[in-house]
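This report refers to the structure that appears directly beneath it.
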Amino acid sequence: MEISAAREEYERYLRLERGYSAHTVRSYGSDLADLERFAGLRGVTGVGGLDLELYRDWLWEASQRELAKATLARRSASAKAFSAWLRRSGHVELDAAVRLRAPKPERTLPRVLSNDSMSGVLDVLQARAAEGDPITLRDLAVVEMLYASALRVSELVGIDLDDLDLDRRTVRVVGKGAKERIVPFGQPAALALADYLARSRSSLIARQDGGRTQTRALFVGVRGGRLGTRSVYQLVARLLESVPGSGPAGPHALRHTAATHLLDGGADLRAVQEMLGHASLGTTQIYTHVTVERLRASYQAAHPRA
């Protein structure tokens, strides 16, 4: 079987059977397309020619181009998953990449806003929303939900009206692997959502075909369709550009902030894991490292013998 045909079949498998997001499938596809390119330079076009030596040489070439350790680790994972699938699907007899290794990515702590900084961001939005502008009302509801429920941006934009329960203050979201979960949110987010639904959503929808084209989406864009992830990234980046701190200034910073504030407030790690939709508790434990770092910083700043 040709590598190109196997790659296309594998991407369909990830999308249809594993339920991976379009972004994840593209990431796997990009890595495997580069593997196909490299194999072609070696005269290998069929999956039977993908052996351990070729996989290792491919990663070595990437390291010589000084790609980040995280990228090398991701490429190794992509190759291992692809090779294992080739074996399970009967396209090859052996899993050639089972012993493939790559440098472990350097683990960096996520960006986390302080309580005061987060309150300041929300205060700015609330002041703007008080003027009644439909887009600002929506933006306030978006940021409140990202912080209140620690949602991924893809989960937020995927919410439909039927997923929201304002009375119980819960929302149903679809996370990685098409797994559903119910996530709570607080009174401030509920008020922002109610205000958005009462005064903003309909007017935004009316901008598209005079409101004749309806959408099930909870959050809508300026043209009346479902709000896109890029718009949310741009919104959060603008809000955080003047907030002190290092690291990416995107929606994930609000997810990191919410998780850290929950643990700082005494929430159980397992409960936070369930809220975030993490398959592994180890993924959630990075936030315990964040709280320790915050404690250490406070200690060094305040203790006379630090």
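Nothing fancy with the numbering, it's 1 onward along the sequence. Note: hydrogens, waters and symmetry copies are ignored here, and every other heavy atom, side chains too, is used. All of these numbers come straight from a predicted model, not from anything done at the bench.
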Residues in side chain to side chain donor-acceptor pair (under 3.5 Å) contact with [X], at least two apart in sequence or another chain:
X     : result
Arg99 : none
Tyr20 : Arg18
His91 : Glu9

Quiz item: For Arg226, which residues count as a salt bridge (charged side-chain N to carboxylate O under 4.0 Å, His left out) partner, sequence neighbours excluded?
Solution: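 Partners of Arg226 by the salt bridge (charged side-chain N to carboxylate O under 4.0 Å, His left out) criterion, ordered by chain and then number, come out as Asp160.
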Quiz item: Looking at Arg65 and Asp34, does any basic side-chain N land under 4.0 Å from a carboxylate oxygen?
Solution: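 Looking at Asp34 together with Arg65, the answer is yes, because their closest N to O distance falls below 4.0 Å.
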Please list, chain by chain and in numerical order, all residues satisfying side-chain contact (heavy atoms from CB on, under 4.5 Å) with [X], sequence neighbours excluded.
X      : answer
Glu36  : Ile3, Ser4, Arg7
Ser76  : Leu59, Lys80, Leu100, Ala102
Leu262 : Ala267, Val272, Met275

Under 3.5 Å, sequence neighbours excluded: what are the donor-acceptor pairs made by side chains of residues 135-146?
residue, atom, partner, partner atom, Å
Thr136, OG1, Asp133, OD2, 2.8
Arg138, NH1, Val220, O, 3.1

Quiz item: Residues sharing Leu72's hydrophobic cluster, by side-chain heavy-atom contacts under 4.5 Å among ILVMFWY, directly or via others?
Solution: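 Traced through the cluster, Leu72 reaches Leu67.
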Quiz prompt | Summary of salt bridge (Lys or Arg N to Asp or Glu O under 4.0 Å) pairs that have at least one residue in residues 186-197, sequence neighbours excluded | solution =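 Of all non-adjacent pairs touching residues 186-197, those that pass salt bridge (Lys or Arg N to Asp or Glu O under 4.0 Å) are Asp195-Arg199.
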Below 3.5 Å, can you tabulate the donor-acceptor pairs from side chains in residues 82-89 to any protein atom, sequence neighbours excluded?
residue, atom, partner, partner atom, Å
Ser83, OG, Asp95, OD1, 2.5
Ser83, OG, Ala96, N, 3.2
Ser83, OG, Ala97, N, 3.2
Trp85, NE1, Ser89, OG, 3.1
Arg87, NE, Glu93, O, 2.7
Arg88, NH2, Tyr13, OH, 3.4
Ser89, OG, Trp85, O, 2.9

Without placing hydrogens or testing angles, list every side-chain donor-acceptor pair under 3.5 Å for residues 46-53, not counting sequence neighbours.
residue, atom, partner, partner atom, Å
Asp51, OD1, Glu53, N, 3.4
Asp51, OD1, Leu54, N, 2.8

